[in-house]
Amino acid sequence: MNPLRRTFLNGFGAAGALSISITTGLLKPWEALAAEWNKSAFEALTMTDALKSVGGAGATESKDIQIKAPDHAENGAAVQLEVTSKIAGTTSLAIFVEKNPRPLIADCEFSNGAEPYIFFRTKMGESSRIRVLARAGGKTYFATKEVSVTSSGC
Amino acid sequence: MMMKWRGWALATGALAISAMAQAAPPSAAMLSNACAGCHGTNGGSAGPTMPSLAGQSKEAIEIALKKFKSGERPSSIMGRLAKGYSDADITAMSVFFSKQKLHATNQPLDKARIAKGASLQEANCGRCHLEDGKEGKDDTPAMASQWLPYMQMQMADYLSGKRKMPQEMKEKVDPMSKEDLEALLHFYASVK
Amino acid sequence: MAEAIKIRATLQGDVADVKALMNHVMETGLRQDPASGKVVPAHFIQQVIATFNGKTVLDTRWGPSVSKNPILGFRVKGARAGDKVVIKTTDNKGETLNGEATVA
Amino acid sequence: MTLDRRSFLKLIGAGAGAAGLPLIGRAAELMPKSGKRVVVIGGGYGGTIAAKYIRMADKSIEVVMIERNDHFVSCPFSNLYIGGILKDLNPLTIKYDKLAANHGVKVVQAEVTAIDAAAKVVTTSKGTVSYDRLIVSPGIDFRLDEIKGYDTAAMEAMPHAWKAGPQTVLLRKQLEAMKDGGTVVITVPLAPYRCPPGPYERACMVAHYLKQSKPKSKVVMLDANPDITSKGGLFKKGWKDNYASIIDYRPAKKVTEVDAKAMAVMIEGIEEVKGDVINIIPPQRAGQIAVAAGLVGDDKNWCPVNPTTFESTKQAGIHVIGDACVAGAMPKSGYSANSEAKICATNVVALLNGKETTELSGINTCYSYITDKDAVSVAGVYAVKEGKIIAVPNSGGVSPADFSATKIEAIYAESWLKNILTEMST
């Protein structure tokens, strides 16, 4: 696993202890995963905390990150997102919905020919800005896009 | 012009602001028209299990709605709807429907039962169901020309105890046979 | 147990366009069951790993906000027809889903 | 803005030169206007009521209702026909003759092709009609581009039956012709769409028919939404009690593609599901004329309106009611359209007479059948708060969860239909 990812996901320090646990059989593989799944980042309640947890606090804004999302989503249950980074050497993308109760939605690491591109659908509790963080050459970049959600009741 | 400022801060478009600033609170007609999808235009029902409200007394409608709202009178959706209105709204709607002309229905009725019901009405019910049921004492509802299926359903609720009968009514109804009651309802339904 | 992950991988030039469909409730742990009034426990996919011919191309971690029955799309450069795509997910309860397909 | 001659000619469609101009002009005026006139487009749950209530409130206002058909078939209750409970569509069909005779509404059977908001003129297949205020109640149209392969030809193989009429009859015929042991696929688009509980009631009615006549058959419901859109708990109980072995409900399954020849649908273009009868309920938007007239909002699908007058926030002088508009908490239902029509009519009359408008008070009531003898309901009361239409707190809601009222609600539902259609047609 590459060292940049470690920084991006966990901050420093956790990696060594984890591999020891696996090799000594203290943890079953999925428990290892659960431990590695960046709890503090995914469970962060505010955008500031979530950003900090993935080391994205000092990112620079970039027009080379494209966020394809509807300006107006009729239904917040499934808002389609398509994210592409044109920044050379992009290895990871992290996606946030700023106003969701848990802002961090996904983070993705690309290797062995995978393009820095991801397509999926997210839940949105209300109108919000989508923020995407890209990591390339040891630096972080970001872009945002506003999506308004109009959900009708019945 | 009188301006109402509520909603000012949150209104966005210019159109929204101007119209809201001028809008009067819901009128009796505004409140009552919404009921007409189920109770017919101006409260004259075309559906045999939904009562006509047109020409009912203000008191009768008012009490019925308040009892729906409190849950004292059993209902399917009327309780859920009545909870959406203030007592002042309820009064306004009651006045609106009481001012409408009593709605005449055309329904298949049994002639022999109508005749029998007429004689029973006179002796038993006339003190409250005035003028052959065209009017009612206090909050007694008008029965004239009301839908037979609706009245049968209400009578079933009374007899099962789901809906509470007023004491005076209970005294008269208890000794009567089902056939007597059926005849009475046919009579009321026939009154134009 | 939900059925396997369904994958479609199509070649456009030398780039494989992969789309995968997974059956998962993606329960946030914040939702109340309207019938019982109790909070429905969190149950969501936390990790998706995709490999091409055994090499990891995508390693993605998810929070609970990804939509129910997720769809995931990604692209791999330098792919060829016949390449074997394998996708594996693991959720917060340790349950896994698997799927595989061949680039066509 | 100024136009040079060439762009002007291009704009009005003239080709060779100015010589053609006098001949081109607009279509002939169908009925010259003298006093105040309201034109209503659409003769459904919203349009008929708006026309009638304007005349009831002020006989001095001329009302012209333009509708392409000479009759209207109700979508509410059309699922009962699909389920074989209603033998024909006659109880759901209304004509406009009494509405015209009783209230003096001028009914024009024509297709509206354009609206000129600046000139206040509606162009129809029969000529132009000018107005002082316009009420548009066009219902819905389909976003066919969101389901690959679902064109008009595919609709004959895989009916939508989401506009009552020939499509409803077609779906019923296909069910009748299906072999026992067949699979019926029903697809549901992401909300918002016309009649939130409608698809789930349809599943009940199809299952009711299959249970009686083709008991080895199944219903597969592919719902793009993560859960049942309306009356969820009630439908789930209804399915469990009555159709546990028939209805296979699959949420968050968005159909993006159909193959009418192979009788298959594709979920997200990846997962294929085959059916013997396939009912595609496509994603929807406001009726085409509302889109063409620039009445839809930023979402390009639905028409934003002022919550008091239902006047479009896009085009002055034009009001939008019913499924086509965005009415806050009021759902896209027949009863909502009825209620909105009256609110709109009251305020259109006020605006034409220079009087104060009246704040909204609205209702929705809606019954869904679970079996031929059981129905459940949802009801709501609506008001305006802070510029938005909201459900009045602590009111409204759905039937008791224990199904203690389903028999009586099925009885009330029949009177609901009788009353609402009578209101529209007399």
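The model shown is predicted, which means the values in this text are computed figures rather than measured ones.
At least one side-chain heavy atom of C:Leu30 sits less than 4.5 Å from a side-chain heavy atom of A:Arg102.
Considering every non-hydrogen atom in both C:Ser65 and A:Asn100, the closest pair reads OG-ND2, 3.2 Å. Taking each heavy atom of A:Phe42 and C:Gly63 in turn, the nearest pair found is CE2-N, 3.1 Å. Summarising the geometry of C:Lys68 relative to A:Lys123, their closest heavy-atom pair is N-CE, 4.1 Å, with the distance given to 0.1 Å.
Contacts of A:Ala77 with chain C are made by backbone atoms alone, with heavy-atom separations under 4.5 Å and no side-chain atom involved. C:Val48 does not touch chain A: none of its heavy atoms, backbone or side chain, sits under 4.5 Å away. Of the two parts of A:Gln80, neither the backbone nor the side chain holds a non-hydrogen atom closer than 4.5 Å to a non-hydrogen atom of chain C.
Put simply, NZ on A:Lys39 and CZ on C:Arg61 are 15.0 Å apart, with the number rounded to the nearest 0.5 Å. Between C:Trp62 atom CH2 and A:Ile95 atom CD1 the span is 10.5 Å, to the nearest 0.5 Å.
With sequence neighbours left out, the ring pair (Phe, Tyr, Trp, His ring centres under 6.0 Å) criterion links C:His43 to C:His24.
A distance-only check finds no donor-acceptor pair linking the side chain of A:Trp37 to the backbone of C:Asn92 [under 3.5 Å].
With a 6.0 Å radius and a threshold of 12 heavy atoms from other residues, nucleotides or ligands, A:Lys52 has its NZ atom at or below the threshold.
For residues 111-121 of chain A, the interface with chain C (any heavy-atom pair closer than 4.5 Å) comprises A:Ser111, A:Asn112, A:Gly113, A:Ala114, A:Glu115, A:Tyr117, A:Ile118, A:Phe119, A:Phe120, A:Arg121, sorted by residue number.
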Exercise. Does the side chain to side chain contact (heavy atoms under 4.5 Å, CB included) test come out yes or no for A:Cys108 and C:Leu58, once each step is laid out?
Worked result: CA-CA 7 Å; A:Cys108 324; C:Leu58 177 73; 4.1 Å; yes
Exercise. Can you check side chain to side chain contact (heavy atoms under 4.5 Å, CB included) on A:Ile105 and C:Val66, steps first, answer last?
Worked result: CA-CA 6 Å; A:Ile105 307 303; C:Val66 172; 3.9 Å; yes
